[in-house]
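Input: a single structure, listed below in structure tokens.
Throughout, a chain's letter reflects where its sequence line sits, starting with A, and its residues are numbered from 1. Just so we're clear, the structure is a prediction, and the values are computed from it rather than from any experiment.
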Amino acid sequence: MNENPYSAAVLAWYEANARDLPWRRADTTPWGVLVSEVMLQQTPVARVLPAWEAWMRRWPTPADLAAEPAGEAVRMWNRLGYPRRALNLHACARAIVERHGGRVPDSHADLLALPGVGAYTSAAVAGFAFGQRHAILDTNVRRVLARVETGVEYPPKTPTRSEARLAESLLPPEPAVAARWGVAVMELGALVCTARSPKCAECPVIDGCAWVLAGRPAHDGPPRRGQTYAGTDRQVRGRLLAVLRDATGPVPKSALDAVWDEPVQRERALDALVADGLVDPLEDGDYALPA
DNA sequence: GAACCGTGGAT
DNA sequence: TATCCAAGGTT
């Protein structure tokens, strides 16, 4: 008995409309799935595609990456954003080699223990790579459920227990079907039930959508503040790291000083990069990507 | 729980 | 041009 009234329609829609993404192919390894999920954190599919291909070509297994210095991962990450994810993936590779014999673990708890792997990513890898039954609650699923089930345009700013309970209540009983349902709802949110200008005419569950039935009311409540970027420490960190990425070796501090005029903010950003392990201060005063 | 952590395309 | 926001996680 399945308590999910949408699964059949969504699964059928997915069969007909799913994108042919490389990390979804049958021959993709769990490592390939893990790499894709980390790269996709807060990053659009279109920008991940070439990065994933290059990464997997260079480091087809965790052992391949574990054998390299962390700085190589940061350099390879290029401009994908949130470069600590590169560090996390490198640390994942070493943990997988040391604790799991070089194979990506299939248990949800072991996945969750990996650096940079949280509630979403652990569920996604366990589901998509190993066919297990876990609730997937990413930004796409949250938006779909907010509309179809709750009747509001957008979910809360941060995931709630209520959302998690709802997602779990909708899980099909059969693990393989549940895993399929997870990607299918995500894909529906990514292609049809989008944040702006949703394509309701193409939606397979429009007849049961609480938000549509309510007349598609606009989001009420405080505006979800956008993060200004210009002038922030993040921008400074990005510029500093770009210098190190684009250099072939260590760089003098003067090269870093050149990217930002304001010295207090510049030093703070550099110190933070060092504290995060993204930059190594060398004994001679130069700076380098981590060894 | 809020703040922080990059980057670039779309509108 | 400015804002939104994209398969989150950590502190």
Restricting to salt bridge (charged side-chain N to carboxylate O under 4.0 Å, His left out), what partner residues turn up for A:Arg180, sequence neighbours left out? A:Glu15
Across all chains, not counting sequence neighbours, the side-chain contact (heavy atoms from CB on, under 4.5 Å) partners of A:Thr150 are A:Val152
Please work out if A:Pro159 contacts a base, only the sugar-phosphate, or nothing of the nucleic acid, heavy-atom cut-off 4.0 Å. nothing
Is any NZ, NE, NH1 or NH2 atom of the basic residue among A:Glu68 and A:Arg58 found under 4.0 Å from an Asp or Glu carboxylate oxygen of the other? yes
Salt-bridge criterion met for A:Lys253 and A:Asp286 (N-O under 4.0 Å): no
Could I get a table of every N or O pair under 3.5 Å where one atom is in the protein and the other is in nucleotides 8-11 of chain B?
residue, atom, partner, partner atom, Å
B:dG8, OP1, A:Arg79, NE, 2.7
B:dG8, OP2, A:Arg79, NH2, 3.3

Test of understanding: with salt bridge (charged side-chain N to carboxylate O under 4.0 Å, His left out), list the residues that count as partners of A:Arg143, not counting sequence neighbours. none
Tell me whether the OP1 or OP2 atom of B:dT7 has a side-chain N or O from A:Tyr229 closer than 4.0 Å. yes
Residues touching DNA chain C, which here means a heavy atom under 4.0 Å, drawn from residues 136-146 of chain A: A:Asp138, A:Thr139, A:Asn140, A:Arg143
Can you see if the side chain of A:Gln42 gets near the phosphate of C:dA6 - specifically, an N or O under 4.0 Å from OP1 or OP2? no
Rounded interatomic separation in angstrom, taking CD from A:Gln235 and P from C:dA2: 13 Å
Would you call A:Glu72-A:Arg75 a salt bridge at under 4.0 Å N-O? yes
Could you check whether A:Glu187 pairs with A:Arg24 (Lys NZ or Arg NE/NH1/NH2 to Asp/Glu carboxylate O, under 4.0 Å)? yes
Look at A:Thr121 and C:dG9 and indicate whether a side-chain polar atom (N or O) is within less than 4.0 Å of OP1 or OP2. yes
According to the Watson-Crick and G-U wobble definition with distances under 3.5 Å, which dot-bracket string, read 5' to 3', encodes DNA chain C, using [ ] for crossing pairs and | for pairs with another strand? .|||||.||||
